[in-house]
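Step one of this worksheet: look at the structure below.
Not measured: the values here are computed from a predicted model.
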Amino acid sequence: MGDFVLDRIGAHPEVLKTIAIPRGRIGLHALPTAAGIELRDTPDYAWDGLQRGNASFVVIQHTLAGRGRLDYQGRQIVLTPGSTMLVRIPHAHRYYVARGESWRFFFLVLAGNEIVQLADAILAAAGPVQTLDSVQVETLAGICLDMVSSENLSTGTLSALAYRAMTVLFDAASAGTPEQQQDWLAQIASHVAQNLAQPLPVEELARRAGMSRAHFVRQFTRAAGSAPSEYVFSQRMQLAAQLLDGSGMSVAEIARACGFGNANYFAKAFRRAFDVSPSAFRASGMYSMPAAGGGRRGMDAPKG
């Protein structure tokens with residue numbers, strides 16, 4: 001992901017910061033009480049949601065590596081890298097590290113009436129564990145880093161950070177209809193179509209979709225029927241075939257228009273797709289759209 005916040009928090013040493021909020025004349029209803037980055041690898045790390053007092057608060061805990069365990073309403077949930085846990089206290093649950101396992105995570109402890117109300121809505125809609133997109137995880141990671149690294153943050157700033165963390169989870173839990181969720185696919189297809197002359201790394205496409213690379217590849221492949229790199233290749237080859245068939249551009253010019261800096265490499269890629277050289281293709285007038293993996297089968301654009 002490059003030099004993103006999640007990379008920095010992954011490399012950050014372990015830290016636990018208790019946040020003391022000064023009392024003022026104006027009461028705020030969303031405030032953090034603790035934040036941290038930890039690695040736990042012994043079974044003595046275990047929290048029972050009914051053994052933490054009677055005050056209402058919530059815990060957001062994002063798994064960076066290893067795995068944690070959550071017992072929640074009769075379910076045993078494994079918390080793997082990329083999963084974000086939300087629990088409300090007091091409540092009948094338990095999260096812990098199993099014997100022989102380790103769990104690295106960052107966490108936020110938040111309190112206040114607004115926080116608890118949002119937590120109840122999120123838990124009702126999505127349950128205690130969500131898989132957020134990369135932008136949402138980056139936002140949470142940034143909030144955690146601000147809380148553990150910055151000194152003398154004002155009460156108002158701390159309240160805004162706490163509320164922002166909850167709204168990230170709220171937005172994820174209340175995502176739109178499947179049709180609305182497919183908007184990213186149309187946007188990616190449009191971006192690819194408009195930028196075939198430029199590099200189109202999967203990492204960039206994933207960032208535009210607001211997902212981690214792995215999640216983007218899975219979602220795109222499921223929706224489009226081919227991996228992102230295969231889709232980009234097929235679109236480059238479709239454009240190349242169209243230009244060879246209907247323009248007077250040279251093979252070298254077409255290679256550059258399709259994102260190939262080297263005409264020889266372009267020729268090899270084209271032959272892989274169509275089983276003939278660009279020159280032979282142009283001479284024969286045998287236009288046929290290539291499949292994602294090569295050959296001369298057709299490939300449709302992504303289905304939204």
Side-chain angles (χ1 to χ4, degrees), residues 1-4 6-7 133-138 176 178-304:
M1 296 175 61
D3 187 24
F4 285 6
L6 196 58
D7 294 320
D133 65 39
S134 61
V135 173
Q136 292 164 337
V137 174
E138 287 277 302
E179 290 76 15
Q180 293 170 329
Q181 293 171 3
Q182 290 295 315
D183 286 349
W184 65 267
L185 189 63
Q187 293 170 6
I188 294 300
S190 176
H191 176 74
V192 169
Q194 296 174 34
N195 293 277
L196 289 173
Q198 308 302 321
L200 290 166
V202 174
E203 290 79 3
E204 177 198 341
L205 300 181
R207 284 194 293 271
R208 286 183 171 274
M211 304 177 191
S212 68
R213 187 187 192 282
H215 185 59
F216 172 74
V217 170
R218 288 193 298 270
Q219 294 298 315
F220 188 99
T221 302
R222 183 179 299 117
S226 66
S229 58
E230 294 175 339
Y231 174 74
V232 170
F233 176 78
S234 75
Q235 296 303 296
R236 293 191 197 281
M237 292 297 99
Q238 180 186 9
L239 176 60
Q242 292 171 342
L243 294 175
L244 286 166
D245 185 63
S247 81
M249 296 170 64
S250 69
V251 171
E253 289 172 332
I254 291 173
R256 288 192 293 272
C258 296
F260 294 86
N262 183 290
N264 289 333
Y265 179 60
F266 165 71
K268 291 178 181 178
F270 191 91
R271 183 181 290 275
R272 175 160 65 91
F274 288 94
D275 299 325
V276 295
S277 69
S279 298
F281 181 94
R282 168 172 272 171
S284 67
M286 57 190 303
Y287 176 75
S288 177
M289 186 176 173
R296 282 175 284 181
R297 298 160 296 168
M299 175 184 170
D300 295 329
K303 300 175 178 62

*Determine the minimum heavy-atom distance between Arg282 and Gly248, stating which atoms define it.*
NH2-C, 4.3 Å
*So, Ser190 side chain and Ala186 main chain: donor-acceptor pair closer than 3.5 Å or not?*
no
*Pro228 versus Thr221: any side-chain heavy-atom pair under 4.5 Å?*
yes
*State which residues pass side chain to side chain donor-acceptor pair (under 3.5 Å) with Ser229; sequence neighbours excluded, sorted by chain then number.*
none
*asked:* Can you tell me how the ring of Phe281 sits relative to the ring of Phe270, calling it parallel under 30°, perpendicular over 60° and tilted otherwise?
replied: perpendicular
*If we only count heavy atoms from C-beta on, is the Val232 to Val202 side-chain gap below 4.5 Å?*
no
*Looking at Ala263 and Ala252, what are the two nearest heavy atoms and their distance?*
CB-CA, 4.3 Å
*asked:* Looking at every heavy atom in both Ala269 and Phe233, which two are closest together, and how far apart are they?
replied: O-CZ, 3.5 Å
*Contacts of type salt bridge (charged side-chain N to carboxylate O under 4.0 Å, His left out), residue Glu204, not counting sequence neighbours*: Arg208
*Output yes when a side-chain donor or acceptor of Ser247 lies under 3.5 Å from a complementary backbone atom of Leu244, and no otherwise.*
no
*Check: Val251 and Ser279 side chains under 4.5 Å, non-hydrogen atoms*: yes
*Who passes side-chain contact (heavy atoms from CB on, under 4.5 Å) against Asn195, sequence neighbours left out?*
His191, Gln198, Leu200
_Can you tell me how the ring of Phe216 sits relative to the ring of Phe220, calling it parallel under 30°, perpendicular over 60° and tilted otherwise?_
tilted
*Sub-4.5 Å side-chain heavy-atom contact between Phe260 and Arg256*: no
_Heavy-atom side-chain contact between Ile254 and Pro278 under 4.5 Å_ = no
*asked:* When you compare the side chain of Cys258 with that of Leu196, does any pair of heavy atoms fall below 4.5 Å?
replied: no
_Is there a side-chain contact between Glu253 and Ser250 in this structure, where contact means two heavy atoms from C-beta onward sitting under 4.5 Å apart?_
yes
